[in-house]
Amino acid sequence: MSDNERIETGSDTGRHFLKQWIASEVEAGLSGGEVVTRFPPEPNGWLHIGHAKAICIDFGMAQEFNGTCNLRMDDTNPSKESEDYVEAIKRDVHWLGFEWNRFIYASDFFQTMYDIAEGLIRSGHAYVCELSQEEWREYRGVPTRPGTPSPFRDRPADDSLTLFRRMRDGEFAEGACCLRAKIDMASPNIHFRDPVIYRIMRMSHYRAGDKWNVYPMYDFAHPIEDALEGVTHSMCTLEFEVHRPLYDWVVDRMDEMNLLVVRNGAKVRPQQREFARLNLTYTVMSKRRLLQLVEDGLVSGWDDPRMPTIAGLRRRGYTPESIREFCDRIGVSKFESETELELLEYCIRDDLNRRAQRRLAVLDPLKVVIENYPEDKEEWFEAINNPEDPIAGSRQVPFSRELWIERDDFMEDPPKKFFRLAPGREVRLRYACLFTCTSVVKDENGKVIEVRGTYDPLSGGGNAPDGRKVRGTIHWVSARHAQPLEVRLYDRLFTVADPMADESRDFTTLLNPDSMQVVTAQAEPALATAAPGDGFQFERLGYFCADLYDSKHGAAVFNRTTTLKDSWGKANRP
RNA sequence: UGCCUCAUGGUGUAACGGUAGCACAGCAGUCUCUGGAACUGUUUGCCUAGGUUCAAAUCCUAGUGAGGCAACCA
């Protein structure tokens, strides 16, 4: 069991504020004693790691308190939404490891919302306003100045009702009029200055088709959706904090209309609380910007392995467990913070270190010839699959006279602390034998193109026959048996920690030109037949995952999930 | 600018009036057939100023700084 297992002490110690909030409500026996949450994405883009945080909170809180969580498409704006996004969202939530109780569309409630709107008109809480958008902006005022009431504010309910029905029936052009809640034009909270709750959109909805010519606004629709589903705790990000009074206002109206769900004899009043959204260094997180990267062809799609989308991370080789662990570690607070990418990388390394099988592959091959090894001989050495997991067993790796090694693992004129191969130096070829470099072959430009040397025939398996210390161990692949592999070396998407910090600069100019490098690697035979999605550690290099789409049986294509920590490389790079 | 929110090492987060702790990152070391992992040690912090109190990161006041809102988006 993991060492960060939480101990429930009954005190609030160590619980984040949302957990404390829900816990205190549960203790007080509120909301009929059940906890119901919801994750309400708008199907207008793919989910990203920031949504993963919200998903972990929404579903996680429900789990924590033995409640349930609904997945709801917040599809009240037909101009941006589509079924494709719905499918991608469902798949990603599932993949992350969460099961929803109900799957719902906000659009399923359109009729009810409409009826509630008519109710509001009848009770004098709403009116049809014919101000143009510009006029409306003018009347609304600014934060420092109170707004001016619309001339239509006190029109008879019957007039509004008639007009609203005509709006619904498509008798008006978009923008001709709208339905507004009648609240308080002098409120310091702009959202209370008679907010628009229904607007005309002569647009067909991806699910509701052409049935509606009016669509509800978020501030009106969201609390209704929550209330109708019997949601008890509605958690969202900080920017909705100022909307909360309006949320409560709508819930009050529903209460008056007797529309709240009754559970175990108690009315369920949904309540909203807000937490800080996730910001991650070296990437961007807004759907709009991610969409721009996709549409401008700056990445290959929403699921490009460099994207912070859940689909991108999945394709990159991140596991659901690692993402959930990350969400657990970043914490929940109301402070607008910036989480370092390094923490995400730590989480996937930690997970894969324990689970991924090891393989030998060379990304930048340099030929090695073992002069005292017979031309036609070959041996198979035993290689451990995962030193962290004995159950993973071992496999056989072929060895022969000519090998590939990593170019970085050889230096003709090495510095003191270089433990790898150099003329006159002996290293261990992992799992195979001890090898000493005796000479090099260069091309006409003086570049080393071949390393030659001899092996110790008594060092089979890599053990020194006399117990002598060999400091360096390097990976290798038998040239004769090697499988060429396409490998995509991914790096951070942007060159700066916060691509949005400099507002005078278009963030796309800060894209990292080296965020993807494609190389042909030489790998041990077992790797050629990896199944799409399979993840491995290429020893001494990093974690790699067979691409979900481009990798074929016998012609694997690998994506680098992340490198191994490299204390040598880091210290010795300029 | 009006209203709302927030402020603890480089980063993120704990503390709920009583010894400022944890993780990531960093640094140093041990060990090692991965310069990985593991293990050990370690640098760095309560935004400022007042007040309440025996005692303040915690409560109060003011200031400073950061974020949000001012779409017929969500």
Side-chain angles (χ1 to χ4, degrees), chain A residues 4 11-16 20 40-42 44 74-77 79-81 129 131-133 136-137 140-147 174-175 177-180 187-191 193 195-201 214-215 217-219 221-222 236-245 274 276 281 287-288 329-340 342-347 349-350 353-354 358 360 383-384 387-388 417-420 427-432 434 461-464 470-475 497 537-542 563-572:
Chain A
N4 53 16
S11 84
D12 282 341
T13 301
R15 300 184 182 183
H16 61 67
Q20 292 184 30
E42 183 186 12
N44 67 345
D74 216 352
D75 54 356
T76 55
N77 182 355
S79 70
K80 302 194 255 181
E81 298 152 3
C129 177
L131 251 25
S132 70
Q133 236 176 104
W136 149 228
R137 245 193 292 272
R140 182 181 48 208
V142 288
T144 43
R145 256 197 344 264
E174 288 187 12
C177 49
C178 63
L179 185 69
R180 290 225 251 158
S187 172
N189 185 340
I190 299 278
H191 298 98
R193 322 248 262 227
V196 174
I197 56 177
Y198 257 96
R199 82 285 216 186
I200 298 171
M201 283 184 100
V214 290
Y215 292 93
M217 301 294 294
Y218 169 86
D219 281 320
H222 204 83
C236 59
T237 42
L238 244 28
E239 68 269 26
F240 293 103
E241 202 161 25
V242 271
H243 296 239
R244 192 153 98 201
E274 312 80 13
T281 57
K287 273 197 218 172
R288 193 175 71 75
R329 284 171 175 263
I330 54 180
V332 179
S333 74
K334 302 191 69 153
F335 180 64
E336 188 86 15
S337 59
E338 186 156 69
T339 300
E340 293 175 330
E342 284 82 350
L343 184 60
L344 218 209
E345 291 179 337
Y346 166 82
C347 290
R349 280 194 192 106
D350 188 52
N353 177 49
R354 278 179 273 125
R358 317 288 133 123
L360 298 177
I384 294 167
E388 308 292 323
K417 292 271 187 117
F418 188 77
F419 304 142
R420 284 113 93 148
V427 297
R428 175 179 296 104
L429 296 173
R430 181 123 164 117
Y431 300 125
L434 302 179
N463 303 302
V470 177
R471 187 72 196 259
T473 298
I474 65 174
H475 60 280
Q537 182 195 102
F538 291 181
E539 291 211 37
R540 303 210 305 132
L541 296 171
T563 59
L564 250 30
K565 275 174 73 175
D566 179 11
S567 49
W568 162 255
K570 186 162 45 184
N572 292 79

Peer 1: Over how many whole Å does the gap from A:Ile190 atom CD1 to B:C72 atom P extend?
Peer 2: 11 Å

Peer 1: Backbone N or O of A:Leu360 within a donor-acceptor pair of the A:Arg540 side chain at under 3.5 Å?
Peer 2: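 No, because the side chain of A:Arg540 does not come within donor-acceptor range (under 3.5 Å) of the backbone of A:Leu360.
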
Peer 1: Rounding to an integer number of angstrom, what distance separates B:C60 and B:C72 when you compare their C1' atoms?
Peer 2: 44 Å

Peer 1: Taking the same atom, P, in B:A14 and in B:A7, what whole-Å distance lies between them?
Peer 2: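 After rounding to an integer number of Å, I get 10 Å for this pair.
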
Peer 1: Do A:Arg540 and B:G35 share a donor-acceptor pair, side chain to base, under 3.5 Å?
Peer 2: no

Peer 1: Rounded to the nearest Å, what distance is computed from the NE2 atom of residue A:His243 to the C1' atom of nucleotide B:C4?
Peer 2: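 The answer, rounded to whole Å, is 11 Å.
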
Peer 1: May I ask you to say what A:Leu564 touches in the nucleic acid, namely base, sugar-phosphate or nothing, with a heavy-atom cut-off under 4.0 Å?
Peer 2: base

Peer 1: For B:C16, give the paired nucleotide (Watson-Crick: N1-N3 plus N6-O4 or O6-N4; G-U: N1-O2 and O6-N3; both under 3.5 Å), or none.
Peer 2: none

Peer 1: For the side chain of A:Lys565, starting at C-beta, report the closest nucleotide among B:A37, B:C69, B:G10.
Peer 2: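 Selected nucleotide: B:A37.
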
Peer 1: For A:Pro387, which contact category applies under a 4.0 Å heavy-atom criterion: base, sugar-phosphate, or nothing?
Peer 2: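 Answer is base: heavy atoms of A:Pro387 come under 4.0 Å of a base.
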
Peer 1: Is the phosphate of B:C24 approached by A:Tyr346 (side-chain N or O, under 4.0 Å from OP1 or OP2)?
Peer 2: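 A:Tyr346 to B:C24 OP1/OP2: side-chain N or O found under 4.0 Å.
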
Peer 1: If I take atom CD in residue A:Glu239 and atom P in nucleotide B:A66, what distance separates them, rounded to the nearest angstrom?
Peer 2: 20 Å

Peer 1: Rounded to whole angstroms, how far apart are CG on A:Asn189 and P on B:C3?
Peer 2: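 To the nearest whole Å, that distance equals 12 Å.
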
Peer 1: Does A:Glu42 reach a base, just sugar-phosphate, or nothing at all? Heavy atoms under 4.0 Å.
Peer 2: sugar-phosphate

Peer 1: Looking at B:G35, which nucleotide sits across from it as a Watson-Crick or G-U wobble partner, both distances under 3.5 angstrom, or is there none?
Peer 2: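 Per the H-bond distance test, none.
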
Peer 1: Does B:A57 have a Watson-Crick or wobble partner in any strand here, with both distances under 3.5 angstrom, and which is it?
Peer 2: none

Peer 1: Can a donor-acceptor pair under 3.5 Å be found between the side-chain atoms of A:Glu336 and the base atoms of B:G68?
Peer 2: no

Peer 1: Both A:Lys334 and A:Pro188 contact RNA chain B. Which one's nearest nucleotide lies toward the 5' end?
Peer 2: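 Upstream on the strand: A:Pro188.
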
Peer 1: Take atom CD1 in A:Ile190; do more than 12 heavy atoms of anything else shown fall under 6.0 Å from it?
Peer 2: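 Atom CD1 in A:Ile190 is packed in, count exceeds 12.
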
Peer 1: Between B:U34, B:A74, B:C72, spot the one nearest the side chain of A:Arg137, thanks.
Peer 2: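 Selected nucleotide (nearest to the side chain): B:C72.
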
Peer 1: Roughly how far, to the nearest 0.5 Å, is the OG1 atom of A:Thr76 from the CD atom of A:Glu42?
Peer 2: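 It is 6.5 Å, given to the nearest 0.5 Å.
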
Peer 1: Expressed in whole Å, how much space separates the P atoms belonging to B:A15 and B:C54?
Peer 2: 26 Å

Peer 1: If we ignore hydrogens and angles and just use 3.5 Å, is the side chain of A:Arg193 paired with the main-chain N or O of A:Val142 as donor and acceptor?
Peer 2: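 Side chain of A:Arg193 to backbone of A:Val142: a pair is present.
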
Peer 1: Could you check which nucleotide pairs with B:C3 in any of the strands shown, counting Watson-Crick or G-U wobble with both distances under 3.5 Å?
Peer 2: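 Answer to the pairing question: B:G68, which forms a Watson-Crick or G-U pair with B:C3.
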
Peer 1: By the 4.0 Å heavy-atom rule, please label A:Asp74 as base, sugar-phosphate, or nothing.
Peer 2: sugar-phosphate

Peer 1: Give me the distance, rounded to whole Å, that separates B:G65 from B:A74 when you measure between the C1' atoms they each carry.
Peer 2: 29 Å

Peer 1: Mind checking if A:Glu338 touches a base, just sugar-phosphate, or nothing, with heavy atoms under 4.0 Å?
Peer 2: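 Sugar-phosphate contact only - A:Glu338 comes under 4.0 Å of backbone atoms but never of a base.
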
Peer 1: Base of B:A15 relative to its sugar, syn (within 90° of 0) or anti?
Peer 2: anti

Peer 1: Any chance you could measure A:Leu429, atom CG, to A:His475, atom NE2, to the nearest 0.5 Å?
Peer 2: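 Here the rounded value is 11.0 Å.
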
Peer 1: Of the candidate nucleotides B:C24, B:A74, B:G35, which contains the atom at the shortest distance from the side chain of A:Met217?
Peer 2: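 Among the listed nucleotides, the one closest to the side chain of A:Met217 is B:A74.
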
Peer 1: Send over the distance from A:Arg430 CZ to B:G36 P, rounded to a whole Å.
Peer 2: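 Result: 12 Å.
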
Peer 1: Figure out the CD1/C1' separation between A:Ile330 and B:A23, and round it to whole Å.
Peer 2: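 Distance check: A:Ile330 CD1 to B:A23 C1' gives 13 Å.
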
Peer 1: If the C1' atom of B:A25 is compared with that of B:G63, how far apart are they to the nearest Å?
Peer 2: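 After rounding to an integer number of Å, I get 33 Å for this pair.
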
Peer 1: Are OP1 or OP2 of B:G36 and a side-chain N or O of A:Ser567 less than 4.0 angstrom apart?
Peer 2: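 Answer yes for this pair, as a side-chain N or O of A:Ser567 is under 4.0 Å from OP1 or OP2.
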
Peer 1: Kindly say if A:Thr281 contacts the phosphate of B:U11, meaning a side-chain N or O under 4.0 Å from OP1 or OP2.
Peer 2: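 Result: no.
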
Peer 1: What's A:Phe418 touching, base or sugar-phosphate or nothing? Going by heavy atoms closer than 4.0 Å.
Peer 2: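 The answer is base, as A:Phe418 lies within the cut-off (heavy atoms under 4.0 Å) of a base atom.
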
Peer 1: Nearest of B:G12, B:C69, B:A74 to any side-chain atom of A:Tyr218?
Peer 2: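 Per side-chain heavy atoms of A:Tyr218, the pick is B:A74.
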
Peer 1: So what does A:Phe240 hit on the nucleic acid, given a heavy-atom distance under 4.0 Å: a base, only sugar-phosphate, or nothing?
Peer 2: base

Peer 1: Keeping A:Arg358 on the side-chain end and A:Glu539 on the backbone end, is there a donor-acceptor pair under 3.5 Å?
Peer 2: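 Side chain of A:Arg358 to backbone of A:Glu539: no pair is present.
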
Peer 1: Once you apply a heavy-atom cut-off of 4.0 Å, does A:Lys417 come out as touching a base, just sugar-phosphate, or nothing?
Peer 2: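 Contact class for A:Lys417: base.
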
Peer 1: Tell me the partner of B:A74, counting only Watson-Crick (N1-N3 plus N6-O4 or O6-N4) or G-U wobble (N1-O2 and O6-N3) with both under 3.5 Å; none if nothing fits.
Peer 2: none

Peer 1: Check every strand shown and say whether A:Glu241 touches a base, only sugar-phosphate, or nothing at a heavy-atom separation below 4.0 Å.
Peer 2: sugar-phosphate

Peer 1: Considering heavy-atom distances to RNA chain B, does A:Arg199 or A:Leu238 have its closest nucleotide positioned more toward the 5' end?
Peer 2: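 The residue mapped nearer the 5' terminus is A:Leu238.
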
Peer 1: For the C1' atoms, the ones on B:G12 and on B:C6, what distance do you get once it is rounded to whole angstrom?
Peer 2: 15 Å

Peer 1: Looking at every strand, decide which applies to A:Ser187 at a 4.0 Å heavy-atom threshold: base, sugar-phosphate, or nothing.
Peer 2: nothing

Peer 1: Of the options B:A70, B:G35, B:G12, whose atoms approach the side-chain atoms of A:Asp566 most closely?
Peer 2: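 Selected nucleotide: B:G35.
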
Peer 1: Describe, in one word, how the ring planes of A:His191 and A:His243 are oriented to each other, choosing from parallel (under 30°), tilted (30 to 60°) and perpendicular (over 60°).
Peer 2: tilted

Peer 1: In whole Å, measure the gap between the C1' atoms of B:U61 and B:C22 for me.
Peer 2: 33 Å

Peer 1: Just by distance, do the side chain of A:Thr237 and the backbone of A:Glu239 share a donor-acceptor pair under 3.5 Å?
Peer 2: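 Absent.
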
Peer 1: Counting the atoms with a prime plus P, OP1 and OP2 as sugar-phosphate, which does A:Asp219 contact under 4.0 Å by heavy atoms, base, sugar-phosphate, or nothing?
Peer 2: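 The answer is nothing, as A:Asp219 stays clear of every strand by at least 4.0 Å.
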
Peer 1: With a 4.0 Å cutoff (strictly under), does any side-chain N or O of A:Ser333 reach OP1 or OP2 of B:U13?
Peer 2: yes

Peer 1: Is A:Trp568 stacked on the base of B:G35, meaning ring centres closer than 5.5 Å and planes within 30 degrees of each other?
Peer 2: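 Yes, the aromatic ring of A:Trp568 stacks with the base.
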
Peer 1: With a non-hydrogen cut-off below 4.0 angstrom, is A:Tyr431 in contact with a base, only sugar-phosphate, or nothing?
Peer 2: base

Peer 1: Work out how far the P atom of B:G68 is from that of B:A56, and round it to whole angstrom.
Peer 2: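 My reading of the P atoms in B:G68 and B:A56 gives 35 Å.
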
Peer 1: Does B:A62 have a Watson-Crick or wobble partner in any strand here, with both distances under 3.5 angstrom, and which is it?
Peer 2: B:U48

Peer 1: Starting the side chain at C-beta, find the nucleotide from B:A37, B:C72, B:G68 nearest to A:Gln133.
Peer 2: B:C72

Peer 1: What nucleic acid atoms does A:Arg140 come within less than 4.0 Å of, heavy atoms only: base, sugar-phosphate, or nothing?
Peer 2: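 The answer is sugar-phosphate, as A:Arg140 gets under 4.0 Å only of primed atoms, P, OP1 or OP2.
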
Peer 1: At what distance, to the nearest 0.5 angstrom, does CZ of A:Arg471 lie from NZ of A:Lys417?
Peer 2: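 Answer for the CZ-NZ pair, A:Arg471 versus A:Lys417, is 8.5 Å.
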
Peer 1: Once you round it to whole Å, what is the distance between P of B:C69 and CD of A:Glu274?
Peer 2: 13 Å

Peer 1: Across the strands shown, which category fits A:His475 at heavy-atom distances under 4.0 angstrom: base, sugar-phosphate, nothing?
Peer 2: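 If one applies the 4.0 Å heavy-atom cut-off, A:His475 turns out to touch nothing in the nucleic acid.
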
Peer 1: Please state how far atom CD1 in A:Ile384 lies from atom P in B:G36, giving the value in whole angstrom units.
Peer 2: 17 Å

Peer 1: Are the side chain of A:Gln20 and the backbone N or O of A:Arg15 linked by a donor-acceptor pair below 3.5 Å?
Peer 2: yes

Peer 1: Does the side-chain ring of A:Phe419 lie flat on the base of B:G35, meaning centres under 5.5 Å and planes less than 30 degrees apart?
Peer 2: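 Answer is yes, a stack.
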
